[in-house]
Amino acid sequence: MVVINLEGRVVEEDLRPSSDTPTHLELYRNFPEIGGIAHTHSTYATSWAQAQNSIPCLGTTHADNMYGRIPCTRKLRTEEVEKDYELNTGKVIVETFQTIDYRFMPAVLVANHGPFTWGKDPWEAVHNSIILEEVAKPDFITKQINPQAAEAPRILVDKHFFRKHGSSAYYGQN
């Protein structure tokens, strides 16, 4: 792993940083409480991204970990792809979160691309990538079984999410 600072300069290692570094830096600058970012091309989450669809919150497995729909960004415009593609990928993610709390939704699907997740540190970011893929699978299968499957009621989503997250959490061990 190549360690860089928030200006994008390498501070440890002799290797080149990821080509996605501008995307990551944009997220770090705009989501101040994150300490790690993961970007994968996992099968199910990437399929939702390529379909340009958010992942609906259909049940409690999803609601336990992600608060509501997992958003999909808009498609990048031609000029955003041609010039500063990686930076603009970060900008479109930030744009998508103008009305979504990134602390309660630690995942996004970049249209036609794939998922990004984040957390308080790199390990939590990777953990959220695993959760994202495990949520994307049953939601995909559910939509195959019943294309009209409705999202879980907000009261159920709230109960499952907030019993595990936030100041009033009571689920599990301390």
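All values derive from a computational prediction rather than experimental measurement. Just so you know, these numbers use all the heavy atoms, side chains as well, and skip hydrogens, waters and symmetry mates. Here, residue 1 is the first one in the sequence, and each next residue gets the next number.
Contact between A136 and W48 at its shortest, heavy atoms only, is O-NE1, 3.2 Å. Nearest heavy-atom pair across S129 and T117 is OG-OG1, 2.6 Å. Here the closest non-hydrogen pair linking L58 and A149 is CD2-O, 3.9 Å. Nearest heavy-atom pair, N128 versus P106, reported as atom, atom and distance to 0.1 Å: ND2-CB, 3.5 Å. Here the closest non-hydrogen pair linking N112 and Q52 is ND2-NE2, 3.1 Å.
Ring planes of H113 and H41: parallel class, angle under 30° (limits at 30 and 60°).
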- Begin from the C-alpha positions of F104 and W118 and carry the test ring pair (Phe, Tyr, Trp, His ring centres under 6.0 Å) through to its verdict. CA-CA 11 Å; F104 291 164; W118 46 84; over 10 Å; no

- Yes or no on side chain to side chain donor-acceptor pair (under 3.5 Å) for Y67 and D158, after CA distance, side-chain angles and deciding distance? CA-CA 8 Å; Y67 189 53; D158 287 351; 2.4 Å; yes

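The closest side-chain heavy-atom distance from M105 to I70 is below 4.5 Å. Taking 4.5 Å as the limit, every side-chain heavy atom of S54 sits out of range of all side-chain heavy atoms of L109.
Remark: the backbone N or O of E124 is paired with a side-chain donor or acceptor of D121 at under 3.5 angstrom. Side chain of D84 to backbone of L87: no donor-acceptor contact under 3.5 angstrom is found.
The NE2 atom of H127 sits 9.0 Å away from the NZ atom of K120 when rounded to the nearest 0.5 Å. Note: K91 NZ to E26 CD = 4.5 Å, rounded to the nearest 0.5 Å.
Residues R74 and E80 are paired through a salt bridge, judged by an N-O separation under 4.0 Å between the basic side chain and the carboxylate. Ion pairing between K143 and D139 fails under the 4.0 Å rule for side-chain N and carboxylate O. Taking a cutoff of 4.0 Å between a charged side-chain nitrogen and a carboxylate oxygen, E151 and R69 qualify as a salt bridge.
Remark: R103 fails to qualify as a cation-pi partner of F97 under the 6.0 Å distance and 45° angle criteria applied to the six-membered ring.
A 6.0 Å sphere centred on NZ of K75 holds no more than 12 heavy atoms belonging to other residues, nucleotides or ligands.
Partner of D64 under the side-chain contact (heavy atoms from CB on, under 4.5 Å) criterion, chosen from R163, H165, K159: R163.
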